[in-house]
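Below is the structure I would like to discuss, written out as structure tokens.
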Amino acid sequence: MVVEQIPKIVGFVYALVIVVMCAALLYTGRWSRRIGYALLTITLGFGFLILAPIMPYQLQMLVLRDMKGLGGPLIAAVLGIILILVLSFIFGRFYCGYLCPVGAAQEAVSRVSPRTVRVTQKTLTGAVRLGVLGAFFLAGCTVSFGLLYPFGIRDFFSLSFSAAFFSFIGVLLVSVMVYRPFCRFICPFGALAAFAAMPAVFKIHRTEACIDCGNCERVCPTDEAKRSDLKGECYLCGRCIDTCSTPGALRYRRP
Ligand code: SF4
Ligand code: SF4
């Protein structure tokens, strides 16, 4: 049993360590786009090799009380999910940005595609996702139906070529046009992480050096680059920082 749990533990420890590492690198100004690409690649590898650390899938297993799918004790799964949410509260959504294989797959597609549909209305995406969150718990707790099953997370990362597998391919195809459609419209864990990240201790802030040129707002795929934005939908993608040419205008800091 312990041996079966090792992949989940490895994936979880990887997520914990890298979230803290990402935050430290961004805080000290040593973050780079190449580090982000490397992390996305490693995370995808973890997804395909050990099906971890996939928190939306874990949350689904938890709601269904599927002990085999959880791959470990119930209490460990609950604590693991809470710990990732606590890290989102402290450091922002680095887990979603770089450590979740589902998010990493969509992020990777978005990086190589010229997006043509800008869906930046976070009230719309958040409202849809909240509705999904409610339906997710209702379906799981009442009739034991896994609302995420049709999206094929497990089938995709275990390369089981089922209908659900191709459903996830569909998600990736939509990601060509729309930034992270599963994360922003569907993911129940993402809904919880967004709530946790809104009052986050550390966020990307515009400082007094900012000249209000608006470049960061134009490149932000989730409409989270304005001064007043809470950053619940900030995936710490770094597009705003990469595009800003004013030294010191954007900092990852406490408010
Ligand atoms: S929103 Fe969900 S699917 Fe997207 S990165 Fe976060 S946990 Fe993963
Ligand atoms: S562009 Fe900046 S504010 Fe927008 S999601 Fe990416 S890191 Fe967050």
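Just follow the structure's listing: the first ligand is 1, and inside any ligand the first atom is 1.
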* To do: Could you tell me how the ring of Phe182 sits relative to the ring of Phe151: parallel (under 30°), tilted (30 to 60°) or perpendicular (over 60°)?
  => perpendicular
* **Residue and atom name of the nearest protein heavy atom (relative to atom 4 (Fe) of ligand 1), distance in Å to one decimal** => Cys183 SG, 2.3 Å
* Asked: Who passes side-chain hydrogen bond (donor to acceptor under 3.5 Å, both in side chains) against Thr28, sequence neighbours left out?
  -> Arg30
* To do: Could you label the plane-to-plane angle of the Phe166 and Phe161 rings as parallel, tilted or perpendicular, counting under 30° as parallel and over 60° as perpendicular?
  => tilted
* Asked: Within 45° of the axis and under 6.0 Å from the centre of the six-membered ring of Tyr27, does NZ or CZ of Arg253 qualify?
  -> yes
* Asked: Of all the non-hydrogen atoms in the protein, which one sits nearest to atom 7 (S) of ligand 1, and at what distance?
  -> Phe189 CD2, 3.4 Å
* Which bit of Cys100 gets closer than 4.0 Å to ligand 1, counting heavy atoms only: side chain, backbone, both or neither? -> side chain
* Asked: Does at least one non-hydrogen atom of Ala193 fall below 4.0 angstrom from an atom of ligand 1?
  -> no
* Looking only at heavy atoms, is any part of Arg184 under 4.0 Å from ligand 1, and if so is it the side chain, the backbone, or both, or is it neither? -> neither
* For ligand 1, indicate whether the residue Cys96 contacts it via side chain, backbone, both or neither (heavy-atom separation under 4.0 Å). => both
* To do: Taking atom CZ of Arg34 as the centre, report whether more than 12 heavy atoms of other residues, nucleotides or ligands fall under 6.0 Å from it.
  => no
* Near atom 6 (Fe) of ligand 2 (under 2.8 Å) - protein N, O or S atoms -> Cys237 SG
* **Per-atom contacts of ligand 1 with Tyr95, taking only distances under 4.0 Å to non-hydrogen atoms** => 7 (S)
* Between Tyr235 and Tyr98, ring centroids under 6.0 Å -> no
* Pairwise side-chain contact, Tyr149 with Asp155, heavy-atom cut-off 4.5 Å (strictly under) -> no
* Return yes if some donor-acceptor pair links the side-chain N/O of Thr207 with the main-chain N/O of Ala209 below 3.5 Å, else return no. => yes
* Asked: When you measure from atom 2 (Fe) of ligand 1 to every protein heavy atom, which one gives the shortest distance, and what is it?
  -> Cys187 SG, 2.3 Å
